[in-house]
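Working notes for the structure below.
Since this is a predicted model, take the numbers as computed values, not measurements. Each chain gets a letter, A, B and so on, in the order the sequences are listed, and its residues count up from 1.
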Amino acid sequence: MWQKSLSPQNLSDDEKLALKKAPSLRFRFIVSGVIVICVIAGIAINLIFDYSRQLADLSYDRLLRSALLQMDENIALIDNQVSVDIPWSAFATLAQADEDRVFYKVESLEQGFITGYNDLDSEPPKQPVLDQMQFYNQSYSDELVRFAWLERHLTNPESAQTVRIILGQTRLSRERMASSITQRAVEVVVLIALVAIALIMIGSHLVLRPLHRIEWALEERVKGDLTPITINTPKETHHLKVAINHFMARLQKNLEQLENYTADAAHQLRTPLASLKALAENARDNTSPEKQHQALENIVRQCDYLSQTVTLLLNQAVVSHRLQTHRLEPIDLLEPITASCREHAVPALHQGVRLSYECSLQEAWVLGDSFSIQQMMQNLIENAVRYSGHQKQQQTDVIVRVEELSKIYRIQVIDYGDGIAEEEKERVFERFYRARYDIAGSGVGLSMVKDILDHHHAHIEILDTQPKGTTFQVDIDKLSFFRGQI
Amino acid sequence: MKAWFTIVMCFSLSLAWAESPTVWFGKKNASRVLVINSALDLTSFEPILQDFVAQYPDVRVAYRDVNTLELYYLTIKEQSNPVASLAISSAMDLHFKLVNDGYARTYQSSLTDNLPQDFKWRDQLFAFSLEPIVMLVNKDAFPGPLPEDRQSLLQTIRQHGPAMTKRIGTYDIRQSGVGYLLASQDARQADLTWGRLLEAFGSHDVQTYCCTHNIIDDVADGKLVLGYNLLGSYASQRAKDDDRLKMILPKDFTLMLMRAALIPKNAPNPQDAGLFIDFLLSDRAQKMMQEQGLLFPIHPDIKNAEDPFVVSAPGPTGIIELDQQLLVGRDHAKQQRFIRNWEIAFEIQREE
């Protein structure tokens, strides 16, 4: 995150490997663009092929038509016999297709073969119609030949005959013309395609540039700069920018919490350490064995307390981490509550406190984090036990009660201790606030409870117990299946 | 009728085959043999063949002199298993038709690629000479002034009728492929003149021949006073050495004819045939044609204007183009009608 630049040499091996494996947006963009252009170009070229061939056929068919009409003009009935005198000019027309072979046949349906190639028996693909010329391709003499075909009546007063003229020309000039047209057109299409591909490449570069700008803006920051990105970016990347900014804000918050926590921990540990040191010095300086023994007892107690504090800090760290990282999920609220009651029943009894659990529910589903709830309950119970059992000779009670209301579950932790003064109720959730300094405690527990409850969107209230004592009342929303919050 | 005609053709072919023995060139122990069927007189072609075998000693050339029409039928007859690997003819139209009908194979080399488009077709037919069609007169025997063109020839015939009777020679267009081609091109170029000539020829008992050299021989002898529509190369060759003869390029129009070569489709030795075509097109052979007075090359060296093998026609030249129009002259119906008209004019009984 805080590297100066993203140039490959600054990347770790893993990052390089990941970079190698990562699919490239630009590459995908270009590849899909190139594929689309190639498909379009392919279709265009295909069309050009057909079109150029049609065009060549169209122009050379005119020659063929003209030649055939000239031949036709010189067919006559002389003495009731069909007579053909092919004009030189007819074939001069065909000679414009300079390399093409010419085949023809003139026959009369009544008289039979008249002139041309006797073995040229070609039938047009369409139903022959008198006086209608047809053009078609057919193989003759080992080559594909374009034929013009015409049948017409020849009449004079004495007789009538039907004459059929077939005139064919090989396709060499046509193919040459078609291919020259095609070549030109294909050149143009290929040029356009190349230009389009070049544009796509440039375009992809331009399109991705705002991303690079965001990247540079992040890369060029000094260490620890988590302020929002302010550079102007297009609409398409605006969300990305906002997301990054949000992410950075969260990161900033996490960092702040971390700093707080570190400060907490230092604060929490400094006091017991100082008192431990004082006790130790006291023990060292005392000459009387009883007093020394007394001082060592104090050291041991202080160590227990320190150990508790460390455990609490660790739990708080874990809870804080869980709250940051774990999503809330449906849990049975009773599980963490019963677990923490079970855990504290015996230690409470040692302190002369009877811990009882009152609940008539089988299960109580809420959206929450089981570990955090358990920590919360432990803190509340510990707190209640600590304050109610303090320096009392007779046994007192601490009651954990769970009730179901219409939309919420209500958890009450009731003690019969000295209670909390009205003006202090507001402050107990503050960090390091301690109502009474003569009672061991870190002053962190209730603030953690507040954090956990805030995270669960739950509500806590401090009530007075009758006749005396304190009741912590937690209201937590039921899990509503109908709202689809599973 | 067609079958009958074919039988007659085959018979005359076999006769012709017997008459023209194969002439061999090159070493007897040469590894390759190239058989050429050609309608070119050996006198014009021998030096070229000698030079070829001298350049390519591995090749032995068998040269068979065949009439143009016979050559056409022979190539079709032998289409699946031809003896010859090269066919050379002056009957451009028949050669063109052979290519059009698919009897030839493609050959391409740097030399054929350099050949102008007008002198080749489909890379299957290659022209290697371009010669004028001329009249050859016997100066001493000719009555009156020598004709400049067809009109003056007609005039001479009219004025000196008896002296001209039976003393004009031309091709029998039924026997000679090139004869038919020249006659049909004459008719095409100037229909009216052709009609008059035909009439005049017919009424004066024009002699018909199968081959050019026979006509030239008779003109030289004085048996004929004029040979009409002769191949320029032969006429020029003979006129050069014979004072009695004069070659005239008609002033009204001079036909120009190409000699062309093709390789039959299933030729046994197309490689050497191609080699020979390249040789004919090479500067060396083309220069040889001109310098030794054998043939008219495609691109003559015109430094020497007096050279008889450089065409300097007094009038317009009508080059017989090597294109699809040649097929029209060989159209079955047109050919029949043309020959019938010719026969009627010449009052020759039809062979049928």
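With a 4.5 Å cut-off on non-hydrogen atoms, B:N100 touches chain A through its backbone and its side chain both. Residue contact with chain A, scored on non-hydrogen atoms closer than 4.5 Å, involves the side chain of B:Q117 exclusively. Looking at A:T170, only its side chain comes within 4.5 Å of chain B, counting heavy atoms on both sides.
Surrounding OH of A:Y51 are at most 12 heavy atoms belonging to other residues, nucleotides or ligands under 6.0 Å away. Within a 6.0 Å radius of NE2 in A:H205, other residues, nucleotides and ligands contribute 12 heavy atoms or fewer. Within a 6.0 Å radius of NZ in B:K251, no more than 12 heavy atoms belonging to other residues, nucleotides or ligands are found. In B:E199, the CD atom is not crowded: 12 or fewer heavy atoms of neighbouring residues, nucleotides or ligands sit closer than 6.0 Å. Atom CG of A:D79 sits in a sparse spot, with 12 or fewer heavy atoms from other residues, nucleotides or ligands closer than 6.0 Å. By the 6.0 Å contact criterion, CZ on A:R184 is open, its count of non-hydrogen atoms from other residues, nucleotides or ligands being 12 or less. No more than 12 heavy atoms of other residues, nucleotides or ligands lie within 6.0 Å of CD in A:E73, so this atom counts as exposed by the packing criterion.
Annotation for B:K334 and A:W88: closest pair CE-NE1, 3.9 Å, computed over non-hydrogen atoms. In plain terms, the two heavy atoms of B:W121 and A:D98 that are nearest each other are NE1-O, 2.5 Å. Residues A:A97 and B:Q324 come closest through the heavy atom pair O-NE2, 2.9 Å.
B:R337 contributes no side-chain N or O that, together with a main-chain N or O of A:S83, makes up a donor-acceptor pair within less than 3.5 Å. Proximity of a side-chain donor or acceptor of A:E99 to a complementary backbone N or O of B:R122 within less than 3.5 Å is detected.
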Exercise for the section: Kindly determine whether B:D101 and A:Y117 satisfy side chain to side chain contact (heavy atoms under 4.5 Å, CB included), including the steps that lead there. Expected result: CA-CA 9 Å; B:D101 297 358; A:Y117 289 73; 2.3 Å; yes
Exercise for the section: Assess whether side chain to side chain contact (heavy atoms under 4.5 Å, CB included) is satisfied between A:Y104 and B:D331, documenting all intermediate values. Expected result: CA-CA 10 Å; A:Y104 65 96; B:D331 173 63; 2.5 Å; yes
Practice task
Decide yes or no on side chain to side chain contact (heavy atoms under 4.5 Å, CB included) for A:R101 and B:F96, but give the supporting numbers first.
Solution key: CA-CA 10 Å; A:R101 298 159 68 188; B:F96 192 92; over 6 Å; no
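Rounded to the nearest 0.5 Å, atoms CZ (B:F338) and CG (A:D85) are 11.0 Å apart. Note that CD1 of A:I86 is 11.0 Å distant from NE2 of B:H332, once rounded to the nearest 0.5 Å. Atoms CZ and OG1, on B:R330 and A:T115 in that order, are 13.0 Å from each other to the nearest 0.5 Å.
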